[in-house]
Number of protein chains: 2
Amino acid sequence: MAGSSHLIVDEPVVQLGRNLTFGLLDSIGRAIVTGQFGSAVFPTEAELAKQHGVSRSVTREAVKMLTAKGLLSARPRQGTIVQPTSSWNLFDADVLRWMLERQLSIDLLRQFNELRVAVEPEAASLAARVAGEDDIRRIDEGLCRMQAAECGFDDPLEADIAFHVAVLRASKNPFYIQLREVVSTALRTSIRFTNRIKGRTADVAEHAKVRDAIASRDPDVARIAMRTIIGDVLVLIEDRIPSIE
Amino acid sequence: MAGSSHLIVDEPVVQLGRNLTFGLLDSIGRAIVTGQFGSAVFPTEAELAKQHGVSRSVTREAVKMLTAKGLLSARPRQGTIVQPTSSWNLFDADVLRWMLERQLSIDLLRQFNELRVAVEPEAASLAARVAGEDDIRRIDEGLCRMQAAECGFDDPLEADIAFHVAVLRASKNPFYIQLREVVSTALRTSIRFTNRIKGRTADVAEHAKVRDAIASRDPDVARIAMRTIIGDVLVLIEDRIPSIE
DNA sequence: CAAGAACGTTTCATATGATAATTATGACTC
DNA sequence: GAGTCATAATTATCATATGAAACGTTCTTG
C-alpha cells in the first residue's frame, strides 16, 4: 500500500483491549477467525512478536489465552497451529463476537438461533418454577423497556436483550445463566441483520405472555410462548436463505 | 520414594498436564473451583510462583488461561481476584470437569441435565432434517454398542456417550457439536451418580426410536423420543433430592 | 479544619536475554 | 529400503529489570 518508503512505519502496534496483551488477543483472535492463516503456517512466536511490535511475553500470554479458548495449540518444534473450528469454544463471548463480526454470516446467525430455540423456552419454563420476586421485577423491567422502545423512548435492541437476559437469569440454572453473555453478544453484534427483522420480532404482546406465564407459575405456557418468539425469528432468518442444505 | 535425605524435597511442583504451565493451570483451576480462595485474597503473582516452585512466566501464563476461561481477573495494585461463579465458562471442558470432580454435586448434575433436556431433543430434531449417511452410521454404531452393553460386551457408559455424541454431531450445528465434549466430560465424570440410574436409563428401545426417527426424517418424533430419554434421567435425579428450592 | 495535590507503595504489565526440553527432519548406517 | 541417530528449529522455562496503574498517605494550602 503506502506507495513510497523503504522505511517501515511502525505497526500501529495493538490498541484494542485494556492493555497490550488483551489487544493482541483480540487482534490475533480476529485474524484466526477470518481465516488469515488458512490452515497454513502460523507465525513463530518471535515473528508474531515482531509483527505486532510487542515483546515475546505479551505474545506468549495472548497465544495461551487463545489456546484456552480452543483456537490454537502449540508444541515445541512443531510450532503453533490453528485448531479446526470444531474445537473452538463458541460459548466464549470473544470467539463468538469474532465469528459474527467477520462476515456477518447468516449461517452462523441461524445456527445460533437454533440454539436459542432449544434453550430459551426451557429457561422460561424453569423460570416459571423457580423465579423469585427480584427475577420477575427484572423481567418486568425488560418488558417495560420494550414498550417504551415501541414509542421511541428506548433502544429496541437493548430492551429485547434485557428481557431475554432476565429470563435466562430467572431460571437459576448456571448453564442458562452463562448464556446471558453469549446471547447479548450475539444480538448486539448481528444488529445489521436483525434490524430489518426487528420490527416484527419485537412482538411485545408475545413477550408479555412469557412474563405473565412466569409470574403465574405456568411452565408450559411460558415454554410455548418463548418458543413462538424465537421460532418466529428463526423463520424470518431462514426465509432469507433460498436453500440451505 | 528416595527415602533418605535431609535435603528438602522439592514441592511436588506440578505434574498434571503436558507441561508445567498446563499442570499449574489444572492445579490452580481445581483449587479455585473447590473454593480454596473463598472470595478471600488470591495469592500474588510472585507468591503463587513460589508456592508451586515455578517461574513467574509460567504462573502468568496459567493465570492468563484461567482469565480466558472466566475464573480470574487481574489488575495492577488490586491483584488477581477470583470471579463470581456466574462468569465462569461452564461450557469449557476443563472448568466443567473441575466442578464435577470437586464434590459430585447432585445439584450441578441436575442443572446439567436440564441443559441436555433442552438441547438434545432439538439436536435430534435437526438431525432428522440434515443428517447424512455417515451420521446415521455413527448413530447406528452407538446403538449397537448399547445393545452389546446390555449383554456385557461393551461399556454401557461409553456406548451411551457414543450414541448421544453421534446425534449431536448429526445436527451439523456447531453449537450443538461443541457440546459433544461437554456431554462426554460430564457423563464420564459423574459415573458414580449415574451408575445406579444407568440400569434403567440405558433404555435401548427408546434410543432406537430416536435413531429410527432420524433415519426416516421425522423431526418431531425424534425430538419427543429424545426428550423422553433425558426427561427420565432428570426425573430420577430429582427423585434423589427431596426438596430443591 | 478540610480539601486537594504530591508522593510512595504495591501489584500487575512488559521487555529482554539465556537455557532447557521436545521433536520433526534429514543424514546415516546396515 | 528400513531403521537409527544427530541436528536444528521451536516452544517451554527461568531470571531480572523496568514501566504503568491504582490506592493510600501525607503534606500543603485556603
Side-chain angles (χ1 to χ4, degrees), chain A residues 10-29 32 37 39-83 87 94, chain B residues 8 10-29 31-32 37 39-83 87 94:
Chain A
D10 265 342
E11 294 282 332
V13 190
V14 217
Q15 278 182 326
L16 293 168
R18 38 178 197 267
N19 55 34
L20 288 184
T21 305
F22 282 80
L24 189 59
L25 166 71
D26 200 77
S27 176
I28 302 180
I32 292 173
F37 311 101
S39 78
V41 282
F42 193 81
T44 239
E45 169 180 310
E47 292 172 40
L48 210 52
K50 199 173 193 178
Q51 284 171 17
H52 291 85
V54 297
S55 74
R56 278 168 30 236
S57 325
V58 170
T59 307
R60 286 188 59 78
E61 285 168 21
V63 166
K64 277 278 145 58
M65 282 198 277
L66 288 163
T67 302
K69 291 174 189 294
L71 273 65
L72 292 176
S73 99
R75 286 169 56 192
R77 171 73 214 202
Q78 181 196 33
T80 305
I81 59 180
V82 176
Q83 294 290 101
S87 66
D94 286 330
Chain B
I8 294 174
D10 268 343
E11 294 278 335
V13 190
V14 217
Q15 278 181 327
L16 294 169
R18 40 180 195 267
N19 56 32
L20 288 185
T21 305
F22 281 80
L24 189 59
L25 167 70
D26 200 78
S27 175
I28 302 180
I32 292 173
F37 311 101
S39 77
V41 282
F42 193 82
T44 235
E45 172 179 308
E47 291 172 40
L48 211 52
K50 199 173 193 177
Q51 285 171 17
H52 291 85
V54 297
S55 73
R56 284 187 29 226
S57 323
V58 170
T59 308
R60 284 188 60 79
E61 284 168 21
V63 166
K64 277 278 145 57
M65 283 198 276
L66 289 163
T67 303
K69 291 173 188 293
L71 273 66
L72 293 176
S73 98
R75 286 169 53 191
R77 169 76 213 203
Q78 180 196 23
T80 305
I81 59 179
V82 177
Q83 293 290 101
S87 65
D94 287 330

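Just so you know, these numbers use all the heavy atoms, side chains as well, and skip hydrogens, waters and symmetry mates. Here is how names work: the chains are called A, B, and so on, in the same order as the sequence lines, proteins then strands, and each is numbered from 1.
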- Base-contact (B) and sugar-phosphate-only (S) positions in nucleotides 12-17 of chain C, heavy-atom cut-off under 4.0 Å, - elsewhere: SBBBBB
- Item | Spacing between B:His52 atom NE2 and D:dC14 atom P, to the nearest angstrom | 13 Å
- Between C:dT10 atom C1' and B:Glu47 atom CD, what is the distance in whole Å? 12 Å
- Task: Mind checking the CD1-CD1 spacing from B:Ile28 to B:Ile32? Nearest 0.5 Å is all I need.
- Result: 6.5 Å
Please output the side-chain donor-acceptor pairs of residues 56-71 of chain A that fall under 3.5 Å, not counting sequence neighbours, one pair per line with the distance.
| unit_1 | atom_1 | unit_2 | atom_2 | d |
| --- | --- | --- | --- | --- |
| A:Thr59 | OG1 | A:Ser55 | O | 2.9 |
| A:Arg60 | NE | B:Glu61 | OE2 | 2.9 |
| A:Arg60 | NH1 | A:Glu45 | OE1 | 2.8 |
| A:Arg60 | NH2 | B:Glu61 | OE1 | 3.3 |
| A:Glu61 | OE1 | B:Arg60 | NH2 | 3.3 |
| A:Glu61 | OE1 | B:Lys64 | NZ | 3.1 |
| A:Glu61 | OE2 | B:Arg60 | NE | 2.9 |
| A:Lys64 | NZ | B:Glu61 | OE1 | 3.1 |
| A:Thr67 | OG1 | A:Val63 | O | 2.8 |
| A:Lys69 | NZ | A:Asp92 | OD1 | 3.2 |
| A:Lys69 | NZ | A:Asp92 | OD2 | 2.6 |
| A:Lys69 | NZ | A:Asp94 | OD2 | 3.2 |
| A:Lys69 | NZ | B:Ala68 | O | 3.4 |

- Query: In chain order, what residues pass the side chain to side chain contact (heavy atoms under 4.5 Å, CB included) check against B:Ala31, with sequence neighbours excluded?
  - Reply: B:Gln36, B:Phe37
Could you go through residues 72-80 of chain A and list every donor-acceptor pair under 3.5 Å that involves a side-chain atom there, pairing it with any protein atom two or more places apart or in another chain?
| unit_1 | atom_1 | unit_2 | atom_2 | d |
| --- | --- | --- | --- | --- |
| A:Ser73 | OG | A:Gln83 | OE1 | 3.3 |

- Task: Compare every heavy atom of A:Phe42 with every heavy atom of A:Ile81, then report the nearest pair and how far apart it is.
- Result: CA-CB, 4.5 Å
